[in-house]
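Inspection log for the structure reproduced underneath, given as structure tokens.
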Amino acid sequence: MDCSCDVSSIAFPVPADLRECAPGTSEAAAICPRCLAVRPADGGEADPDFSTVSDAFPAGEGGVALALALGLLESLALNRAEIETALEAAERAGADPLLAIDRLLADPNVEPAIDLDRRRVQLESMLY
């Protein structure tokens, strides 16, 4: 999903084990810090600064996995397996994806392009 926000996206490399979760199964992706849209990218920083999205956004591998999961939330039905893969990767990296989503919802600078509040409820029922 592309966006029309007038902010710089945060580009990051996608690890090989998460490529199936990336838009277009690309080697790099980018997330918009305002609307959380994720799109393919030409390249990315090895250590992206996800704190520009929100202080609530996990760093490192957990942030990459969460960003990819957020990009898949447009369609839970079509992307269920990939969402589960990305969220499990975020948890393995030490992130709490549902808590991060709660904090993103509370951040006044984040205006998700999707109904993230509703998706969060659906995720919780899907995962537990």
Side-chain angles (χ1 to χ4, degrees):
M1 167 174 51
D2 289 327
C3 73
S4 58
C5 298
D6 191 24
V7 295
S8 296
S9 294
I10 300 153
F12 53 92
V14 176
D17 62 332
L18 290 177
R19 296 257 164 81
E20 70 186 64
C21 304
T25 62
S26 59
E27 294 183 17
I31 185 169
C32 173
R34 180 170 297 141
C35 73
L36 306 178
V38 178
R39 60 176 174 71
D42 292 330
E45 295 181 34
D47 189 22
D49 183 10
F50 288 117
S51 70
T52 58
V53 175
S54 171
D55 291 337
F57 212 92
E61 293 176 22
V64 168
L66 179 61
L68 294 173
L70 291 170
L72 294 164
L73 291 180
E74 189 172 356
S75 177
L76 286 173
L78 294 176
N79 300 322
R80 182 182 179 125
E82 292 85 358
I83 291 167
E84 288 175 349
T85 297
L87 293 178
E88 288 170 2
E91 288 177 339
R92 279 193 310 274
D96 182 338
L98 295 179
L99 179 60
I101 290 171
D102 287 341
R103 290 179 176 165
L104 288 170
L105 287 166
D107 190 323
N109 297 316
V110 176
E111 301 168 11
I114 60 168
D115 185 351
L116 190 57
D117 192 34
R118 190 169 131 230
R119 292 293 194 256
R120 195 248 182 251
V121 171
Q122 293 170 326
L123 278 175
E124 187 171 20
S125 66
M126 181 175 86
L127 298 173
Y128 303 107

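Counting begins at 1 with the first residue of the sequence.
Annotation: the span from Cys32 atom SG to Arg39 atom CZ amounts to 8.5 Å, rounded to 0.5 Å. The OG1 atom of Thr52 sits 12.0 Å away from atom CZ of Arg34, with the distance rounded to the nearest 0.5 Å. Between atom CZ of residue Arg119 and atom CG of residue Leu76 there is a gap of 5.0 Å, rounded to the nearest 0.5 Å. Put simply, CG on Leu18 and CD on Glu88 are 10.5 Å apart, with the number rounded to the nearest 0.5 Å. Of the inter-residue distances, the one linking Arg92 atom CZ with Leu87 atom CG reads 10.5 Å to the nearest 0.5 angstrom. To the nearest 0.5 Å, atom CD of residue Glu91 and atom CG of residue Asp96 are 7.0 Å apart.
With hydrophobic clusters built from ILVMFWY side chains whose heavy atoms lie under 4.5 angstrom apart, Val121 does not share a cluster with Leu72. Met126 and Leu116 fall within the same hydrophobic cluster, where Ile, Leu, Val, Met, Phe, Trp and Tyr residues are linked whenever their side-chain heavy atoms come under 4.5 Å apart, directly or through other members. Clustering ILVMFWY residues whenever any of their side-chain heavy atoms sit less than 4.5 angstrom apart, transitively, puts Val7 in a cluster other than the one holding Leu70. Tracing side-chain contacts under 4.5 Å through hydrophobic residues (I, L, V, M, F, W, Y), one reaches Leu105 starting from Val38; they form part of the same cluster.
The number of heavy-atom neighbours closer than 6.0 Å to CD of Glu27, taken from other residues, nucleotides and ligands shown, is 12 or below. Within a 6.0 Å sphere centred on CD of Glu61, other residues, nucleotides and ligands contribute 12 heavy atoms or fewer. Around the CG atom of Asp17, the shell of radius 6.0 Å holds more than 12 heavy atoms that belong to other residues, nucleotides or ligands. Within a 6.0 Å radius of CZ in Arg120, more than 12 heavy atoms belonging to other residues, nucleotides or ligands are found. By the neighbour-count criterion of 12 heavy atoms within 6.0 Å, atom CG of Asp47 is sparsely surrounded, having that number or fewer from other residues, nucleotides or ligands.
In terms of heavy atoms, Ala100 sits closest to Leu66 at CB-CD2, 3.6 Å. Looking at every heavy atom in both residues, Ala67 comes nearest to Phe50 through CB-CE2, 4.4 Å. The heavy-atom pair separating Ala65 from Ala86 by the smallest distance is CB-O, 3.3 Å. Of all heavy-atom pairs between Ala37 and Cys3, the closest is CB-CB, 4.0 Å.
Contact of the Leu104 side chain with the Pro112 side chain is not registered, since no non-hydrogen atoms from C-beta on lie closer than 4.5 Å. Contact annotation: the side chain of Leu68 never approaches that of Thr85 to less than 4.5 Å [non-hydrogen atoms, C-beta and beyond]. Inter-residue side-chain proximity for Val64 and Pro58 is flagged as unmet; no heavy-atom pair is nearer than 4.5 Å. Residues Ile31 and Phe57 meet the side-chain proximity criterion, which asks for heavy atoms closer than 4.5 Å.
Proximity of a side-chain donor or acceptor of Ser9 to a complementary backbone N or O of Ala11 within less than 3.5 Å is not detected. In this structure a side-chain-to-backbone donor-acceptor pair under 3.5 Å is present from Arg19 to Val14.
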> Taking it one step at a time, do Val53 and Asp107 satisfy side-chain contact (heavy atoms from CB on, under 4.5 Å)?
Replying inline: CA-CA 10 Å; Val53 175; Asp107 190 323; over 6 Å; no
> Stepwise, does the side-chain contact (heavy atoms from CB on, under 4.5 Å) test hold for Asp49 with Ile10?
Replying inline: CA-CA 7 Å; Asp49 183 10; Ile10 300 153; 5.9 Å; no
